[in-house]
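A short write-up of the structure that comes next.
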Amino acid sequence: MTVTTPVAFVAGATGYTGRSVIEELRRRGVAAVAHVRPDSPRLRHWRERLESLGAVVDTTPWDEDALAAALARIAPTVVFALLGTTRRRMRRTHGDSYATVDYGLTAMLLRAVGRAVPSARFVYLSAIGVSRHARGEYLRARWQLEQELRASGVEWLIARPAFISGPDRDDTRPLERIAAVAIDGVLRLAAALGASGLRARYASLDAHTLARGLVQHALEPASGRHVLWPEELRRARAADR
């Protein structure tokens with residue numbers, strides 16, 4: 001029996017979740033390739049930081065043919081799609097939007113995976129509340145990508161966390177942090193009154209907890225074609241050190 005050594009390609013590696021996924025992969029001894037866009041103004045910083053975690057940094061441009069060639073060379077067994085933009089970034093760079101980043105770049109990556117490494121597992125970070133009739137561009141973009149992923153023929157995992165937040169988050173999102181703390185407080189009260197299921201599903205997840213869940217399920221052979229809800233992500237075991 002041939003045992004395939006796992007290799008992970010992480011798109012969105014410089015983000016709050018992406019960095020923790022890299023750390024978790026390396027804790028588990030998994031080879032990790034961290035993608036950073038070549039025109040990033042902080043490319044040197046991210047290269048040094050991600051390489052210090054034990055990752056190999058890949059700077060393939062966002063072009064489908066280039067990505068397919070890179071993926072064919074790297075031959076990952078799992079691809080993490082952790083891409084996303086923010087309203088603040090959209091105001092700063094007019095080319096960014098949920099449609100161009102959250103959907104567009106992830107869809108490009110999915111097509112490249114289908115061409116180059118169709119046997120790889122595609123792990124997509126979506127969000128709770130996505131649906132065909134969801135209000136807001138953010139959720140609709142993720143719903144569209146989920147449908148394309150399900151129809152792609154690529155083995156997939158979809159994670160739908162609620163808030164992703166924690167005191168260690170170094171990108172400034174004060175309103176999101178305040179909202180997460182407030183909602184968590186309400187959910188703690190609800191749990192004390194017997195509604196523990198609400199807290200398990202809707203309470204915020206910090207990046208380390210989320211990364212543990214994503215990586216554990218990504219590496220489990222039986223986890224394919226499955227939607228991961230927050231309560232499943234929380235139950236993930238800590239990596240052996």
Side-chain angles (χ1 to χ4, degrees), residues 4-15 17-19 21-22 25 30-51 53-86 89-90 92-126 130 137-138 140-159 214-215 218-219 224-225:
T4 302
T5 302
V7 177
F9 181 89
V10 182
T14 63
T17 302
R19 299 192 303 268
V21 165
I22 294 290
L25 288 165
V30 177
V33 178
H35 181 262
V36 182
R37 59 188 176 91
D39 60 343
S40 170
R42 303 184 70 197
L43 178 58
R44 181 176 178 180
H45 165 82
W46 288 122
R47 184 185 296 279
E48 292 176 353
R49 184 166 177 178
L50 293 166
E51 287 180 347
L53 299 176
V56 173
V57 173
D58 174 76
T59 56
T60 301
W62 280 104
D63 170 85
E64 186 177 330
D65 290 337
L67 283 171
L71 290 166
R73 171 177 50 82
I74 296 165
T77 55
V78 59
V79 174
F80 290 88
L82 312 175
L83 298 160
T85 191
T86 64
R89 191 178 301 133
M90 287 191 288
R92 192 170 63 240
T93 60
H94 299 296
D96 279 1
S97 71
Y98 297 129
T100 57
V101 178
D102 296 52
Y103 168 75
L105 295 185
T106 307
M108 181 191 298
L109 178 63
L110 175 59
R111 293 192 299 270
V113 168
R115 288 171 53 185
V117 282
S119 61
R121 175 173 287 175
F122 195 95
V123 181
Y124 176 50
L125 182 59
S126 187
V130 300
E137 184 185 1
Y138 174 82
R140 289 197 302 272
R142 278 167 161 65
W143 172 258
Q144 183 179 355
L145 196 285
E146 282 193 18
Q147 303 319 298
E148 294 185 16
L149 178 54
R150 291 170 188 267
S152 67
V154 172
E155 187 171 277
W156 52 267
L157 271 177
I158 294 170
L214 289 173
V215 172
L219 299 178
R225 290 180 167 80

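What's counted below: heavy atoms across the whole structure, side chains too, no hydrogens, waters or symmetry copies.
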Original post:
Mind checking whether P76 and V117 have side chains closer than 4.5 Å, heavy atoms only?
Top reply: yes

Original post:
What is the minimum heavy-atom distance between V30 and P6, and which atoms define it?
Top reply: CG1-O, 3.8 Å

Subject >> Heavy-atom pair with the smallest gap, counting every atom of L67 and M108 >> reply: CD1-SD, 3.8 Å

**OP:** Considering non-hydrogen atoms only, spot the tightest contact between A218 and R121 and give its length.
**Re:** O-NH1, 3.1 Å

**OP:** Decide, yes or no, whether a salt bridge links R44 with E48 under the criterion of side-chain N to carboxylate O below 4.0 Å.
**Re:** yes

Original post:
To the nearest 0.5 Å, how far apart are CZ in R49 and CD1 in I22?
Top reply: 11.5 Å

Subject >> Check: R150 and I158 side chains under 4.5 Å, non-hydrogen atoms >> reply: yes

**OP:** Hey, could you give me the CD1/OG1 distance between I74 and T60, rounded to the nearest 0.5 Å?
**Re:** 6.0 Å

Original post:
Do F122 and E155 touch side chain to side chain, with heavy atoms closer than 4.5 Å?
Top reply: no

Original post:
So which heavy atom on G18 is nearest to which on L82, and how close?
Top reply: CA-CD1, 3.6 Å

Original post:
What closest approach, in Å, do G114 and V154 show between heavy atoms, and which atom pair accounts for it?
Top reply: CA-CG2, 4.1 Å

Original post:
Checking side chain to side chain contact (heavy atoms under 4.5 Å, CB included) for the pair Q144/E148: CA distance, chi angles, key distance, verdict?
Top reply: CA-CA 6 Å; Q144 183 179 355; E148 294 185 16; 3.6 Å; yes

**OP:** Take the angle between the ring planes of H35 and W62 and call it parallel below 30°, perpendicular above 60°, tilted in between.
**Re:** perpendicular

Original post:
So do R142 and T106 actually touch side chain to side chain, heavy atoms under 4.5 Å?
Top reply: no

Original post:
Do Y124 and L109 come within less than 4.5 Å of each other through their side chains, counting heavy atoms only?
Top reply: no

Subject >> Rounded distance (nearest 0.5 Å) linking atom CG of L71 with atom CZ of F9 >> reply: 5.0 Å

Original post:
With side chains defined as the heavy atoms from C-beta onward, is the minimum distance between T17 and L214 less than 4.5 Å?
Top reply: yes

Original post:
If you measure from CG on L110 to CZ on R115, what distance do you get to the nearest 0.5 Å?
Top reply: 12.0 Å

Original post:
Closest approach of A68 and A112, non-hydrogen atoms and distance?
Top reply: N-CB, 3.8 Å

**OP:** State, with a plain yes or no, whether a side-chain heavy atom of F80 is found less than 4.5 Å away from one of V215.
**Re:** yes

Original post:
Hey, are the side chains of R47 and V36 touching, using non-hydrogen atoms and a 4.5 Å cut-off?
Top reply: no

